[in-house]
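Lettering of chains follows the sequences in order, A, B, ..., and the numbering in each one begins at 1.
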There are 2 protein chains.
Amino acid sequence: MTKSRQAPKRERILDVAEELFALRGYDGVTLRQIAKDAGVDVALASYHFGKKLDLFNAVFERRAAHLNSARLDALKACQASAGAAGPSVEQIIEAFLRPLELAQETGDPGWQNYLALIAYINNSPYWGPRMMSKLFDSLVSAFIAALRDALPGARDEDIYWCYHNLSGALTLTLAQTGRIDKLSGGKCRSADFQAAYDHMIPFVAAGFREVCGRSTAR
Amino acid sequence: MTKSRQAPKRERILDVAEELFALRGYDGVTLRQIAKDAGVDVALASYHFGKKLDLFNAVFERRAAHLNSARLDALKACQASAGAAGPSVEQIIEAFLRPLELAQETGDPGWQNYLALIAYINNSPYWGPRMMSKLFDSLVSAFIAALRDALPGARDEDIYWCYHNLSGALTLTLAQTGRIDKLSGGKCRSADFQAAYDHMIPFVAAGFREVCGRSTAR
DNA sequence: ACCGCATTTCAACAAGCGTTGAAAAATATT
DNA sequence: AATATTTTTCAACGCTTGTTGAAATGCGGT
C-alpha cells in the first residue's frame with residue numbers, strides 16, 4: 001500500500017460525534033465530550049475536520065451517498081419487477097423505507113445513530129433548511145415522480161402533502177424517543193423497526209390513496 | 001388592585017425564550033441572547049425563573065394546560081354530538097388537530113413558536129422522554145381510548161403504531177421547517193395550517209382504518 | 001415623606017468553550 | 001538508518017457561558 005492508511009482515531013471521532021449529535025443536537029455537544037468519549041485529544045478533531053461545524057457536516061455526509069443509492073436501487077428494482085403499469089403505491093413506499101430498516105439492523109449501531117441524526121436535522125427549523133435539501137432533494141424527487149405515476153390524476157399539491165406526512169411519521173420513528181414504548185405500556189417498542197415499518201407502509205399507502213384519489217386501487 | 005401587577009418584562013422573557021428555544025433548541029440559545037432580545041438584563045431571567053432549565057420548563061408549561069383543555073373540550077364536543085355509536089375516526093382526529101390550527105391562527109405568534117417547541121421536544125431522544133409524558137400522556141390516552149371505541153376489534157398494538165404515525169406527521173408540520181415549500185416548488189406552504197390539517201385528517205383516518213381493520217367504514 | 005417589598009440592573013466570578021501553534025510521536029519513504 | 005510526512009498530544013489563548021450577591025430603581029400602603 002503506497003498510500004497512508006486511514007487513521008483509526010479519525011473514524012472513532014466520527015462515530016462518537018454521530019452518537020452524541022443524534023442525542024443532544026449540535027449545540028448540546030462539546031468537542032471535549034466527543035474527544036473524551038473517543039479517547040482522543042481535543043485538538044485532534046480540529047486537525048482532521050477543521051471547525052466544529054465542519055465535523056457536523058462530515059458526520060452528516062459520511063453515510064449519505066450509501067443511503068441514497070440503497071434507496072434508489074430499491075426503487076429501480078421495484079420498478080423493474082413491476083409491469084408496464086408501474087409499481088403500486090405500497091411498493092414505492094416499501095422501497096423508500098425498507099433500506100432504512102436494513103441499515104438499522106446491520107449490527108453497526110452507527111447507522112441507528114445516523115438516522116436519528118437525520119431525524120433531528122429534518123425536524124429542526126434551523127438545521128433542516130440548511131442541510132436536508134443539498135443531500136436528499138434529488139432522491140425525494142425521484143420517489144415523488146414514481147408516486148405521481150402510481151396515482152394518475154392526483155394533484156401535485158396533494159402528493160406533496162402526503163409525502164410530508166410520510167416524512168414526519170418516518171422521522172419520529174428514526175428519532176428513537178421511546179415515547180411509544182411508554183405510551184403503549186410496552187406493547188410497542190421503538191427499537192422494533194420491522195414492526196414500525198410493517199405498520200407504516202399500509203398506513204401511509206392508504207393515506208395516499210384516500211387523499212390523492214382512489215383511481216389506482218389494485 | 002391590592003396585588004402587584006404581573007411584571008411585563010417577565011412575560012417578554014418567556015415570549016423571547018419560546019421563540020428562540022423553538023428555533024435553536026435548549027442548548028442553542030444563551031440567556032444573554034434571550035435577555036438582549038427581550039430588552040432586559042441577563043440577571044432578570046435568573047431572578048424570575050431560577051436556572052436556565054427552569055426557564056425552559058416554564059416556557060413549556062405556560063400554555064400546556066390551555067392547550068390540553070382545548071383539545072379535550074373538542075373531543076367531548078364531538079362525542080356529545082355523535083350518536084350512541086360514538087364519533088368516527090375522522091371526527092376524533094379532527095378534535096385532536098383543529099385546536100392547534102386555531103391556536104396558530106390567533107394572530108399571537110407565541111402559539112406558533114410554542115407548538116414548534118413541542119415539535120422539537122417530541123422528536124428529541126433526550127428531551128422527549130424527560131418532558132412529554134408529564135404534560136401530555138393523559139390527554140393522549142383519552143384520544144386513544146376514543147379511537148379504540150371507534151375501531152372495534154382493533155389490536156391495541158396497531159392503534160398505538162397508528163397514533164405514532166399521526167404524532168410524527170403532526171410534529172413535522174408544527175416544526176415549520178419550510179421543507180415542503182422548497183420541495184413542492186411553492187405549491188405547498190408550511191405556514192398554511194388549514195391546508196396541512198385538511199390533508200392530514202383524511203390521510204391519517206384512512207391509515208387507521210387500513211391498519212386497524214375496516215369494520216367501521218361509514 | 002417614608003417605608004417595605006418586588007423588580008431590575010450592575011459587576012463580577014469560576015468554569016467551560018472552540019480554536020490554534022508548536023512540540024512530540026508514529027508511520028511512511030528513501 | 002536517516003529522513004520526510006502524517007498523526008497526535010500539549011499547553012495555552014481569548015471569549016462566552018450560567019449564575020450570584022449587592023446595589024439601584026420603581027411603587028403601593030400608611
S.K.: Taking CZ from A:Phe49 and P from C:dT19, how many angstroms apart are they, rounded to a whole number?
M.R.: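 Going from CZ in A:Phe49 over to P in C:dT19 covers 14 Å.
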S.K.: Kindly write out the residues that satisfy salt bridge (charged side-chain N to carboxylate O under 4.0 Å, His left out) with B:Lys76, not counting sequence neighbours, or none if the list is empty.
M.R.: none
S.K.: Do any N or O atoms from the side chain of B:Arg24 and from the backbone of B:Val29 form a donor-acceptor pair under 3.5 angstrom?
M.R.: no
S.K.: Would you call the rings of A:His199 and B:Trp161 parallel, tilted or perpendicular, where under 30° means parallel and over 60° means perpendicular?
M.R.: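 The arrangement is parallel - the two ring planes meet at less than 30°.
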S.K.: What are the residues of residues 34-46 of chain B, sorted by number, that bring a heavy atom to within less than 4.0 Å of DNA chain D?
M.R.: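 Within residues 34-46 of chain B, the residues near DNA chain D are B:Val42, B:Ala43, B:Ser46.
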S.K.: Suppose we screen for ring-ring contact (aromatic ring centres under 6.0 Å, His included). Which residues come up paired with A:Tyr114, at least two apart in sequence or across chains?
M.R.: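 Residues passing ring-ring contact (aromatic ring centres under 6.0 Å, His included) with A:Tyr114: A:Trp111.
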S.K.: Taking only residues two or more places apart in sequence, or in another chain, which ones meet B:Glu105 in a salt bridge (charged side-chain N to carboxylate O under 4.0 Å, His left out)?
M.R.: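 Result, salt bridge (charged side-chain N to carboxylate O under 4.0 Å, His left out) vs B:Glu105: none returned.
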S.K.: Whole angstrom is fine here: how far is it from NZ in A:Lys51 over to P in D:dC15?
M.R.: 14 Å
S.K.: What's the CZ-C1' distance between A:Arg32 and C:dC17, to the nearest Å?
M.R.: 6 Å
S.K.: Go through the structure and list residues passing salt bridge (charged side-chain N to carboxylate O under 4.0 Å, His left out) with A:Asp73, not counting sequence neighbours.
M.R.: none
S.K.: Run the ring-ring contact (aromatic ring centres under 6.0 Å, His included) test against B:Phe143 and tell me which residues pass, sequence neighbours left out.
M.R.: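 Listed in chain order: B:Phe96.
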S.K.: Are A:Phe56 and A:Phe21 close enough that their ring centres sit under 6.0 Å apart?
M.R.: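 Between A:Phe21 and A:Phe56, which both carry aromatic rings, the centre distance is below 6.0 Å.
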S.K.: Tell me the interatomic distance from A:Leu14, atom CG, to D:dT7, atom P, rounded to whole angstroms.
M.R.: 14 Å
S.K.: Measure CG/B:Leu31 against P/D:dT19 and give the value in whole Å, please.
M.R.: 6 Å
S.K.: Can you tell me which residue pairs pass the side chain to side chain donor-acceptor pair (under 3.5 Å) test with a partner in residues 29-43 of chain A, sequence neighbours excluded?
M.R.: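 Applying side chain to side chain donor-acceptor pair (under 3.5 Å) to every pair that reaches into residues 29-43 of chain A, excluding sequence neighbours, yields nothing.
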S.K.: Provide the full list of salt bridge (charged side-chain N to carboxylate O under 4.0 Å, His left out) pairs with a residue in residues 45-65 of chain B, sequence neighbours left out, each pair given once.
M.R.: B:Glu11-B:Arg62, B:Asp15-B:Arg62, B:Glu18-B:Arg62, B:Glu18-B:Arg63, B:Glu61-B:Lys134, B:Arg63-B:Asp108
S.K.: Side chain of A:Lys52 only, please: which of D:dG18, C:dT7, C:dT19 is the nearest?
M.R.: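 The closest nucleotide is C:dT19.
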S.K.: List in chain and number order the residues that pass side chain to side chain contact (heavy atoms under 4.5 Å, CB included) with A:Pro202, two or more places apart in sequence or in another chain; answer none if no residue qualifies.
M.R.: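 In terms of side chain to side chain contact (heavy atoms under 4.5 Å, CB included), with neighbours along the sequence ignored, A:Pro202 is linked to B:Glu210, B:Val211.
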S.K.: Between A:Arg10 (CZ) and D:dT9 (P), how many Å, whole number?
M.R.: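 Roughly 15 Å, once rounded to whole Å.
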S.K.: State which of D:dT17, C:dG18, D:dT8 makes the closest approach to the side chain of A:Thr30.
M.R.: C:dG18
S.K.: Got a minute to check which stems DNA chain D is part of, using Watson-Crick or G-U wobble pairs under 3.5 Å, three or more consecutive?
M.R.: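 Stem list for DNA chain D: C:4-30 with D:1-27.
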S.K.: Using whole Å, what does the distance between atom P of nucleotide C:dG18 and atom CZ of A:Phe56 come to?
M.R.: 14 Å
S.K.: Grab the CG-P distance between A:Leu53 and C:dT19 for me, whole Å please.
M.R.: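 Going from CG in A:Leu53 over to P in C:dT19 covers 9 Å.
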S.K.: Listed by chain and number, what are the salt bridge (charged side-chain N to carboxylate O under 4.0 Å, His left out) partners of B:Glu94, not counting sequence neighbours?
M.R.: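 B:Glu94 satisfies salt bridge (charged side-chain N to carboxylate O under 4.0 Å, His left out) with B:Arg98 once adjacent residues are dropped.
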S.K.: Side chain of A:Tyr47: nearest nucleotide among D:dT7, C:dG18, D:dT20?
M.R.: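 The answer is D:dT7, which lies nearest to the side chain.
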S.K.: Between A:His48 and D:dT8, is there a side-chain N or O to OP1/OP2 distance below 4.0 Å?
M.R.: yes
S.K.: Is there a residue in residues 19-27 of chain B whose heavy atoms reach under 4.0 Å of DNA chain D, and which residues are they?
M.R.: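 The answer is none.
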S.K.: Closest to the B:Lys9 side chain: C:dT19, C:dT9, D:dT9?
M.R.: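 Out of C:dT19, C:dT9, D:dT9, the nucleotide with an atom closest to B:Lys9's side chain is C:dT9.
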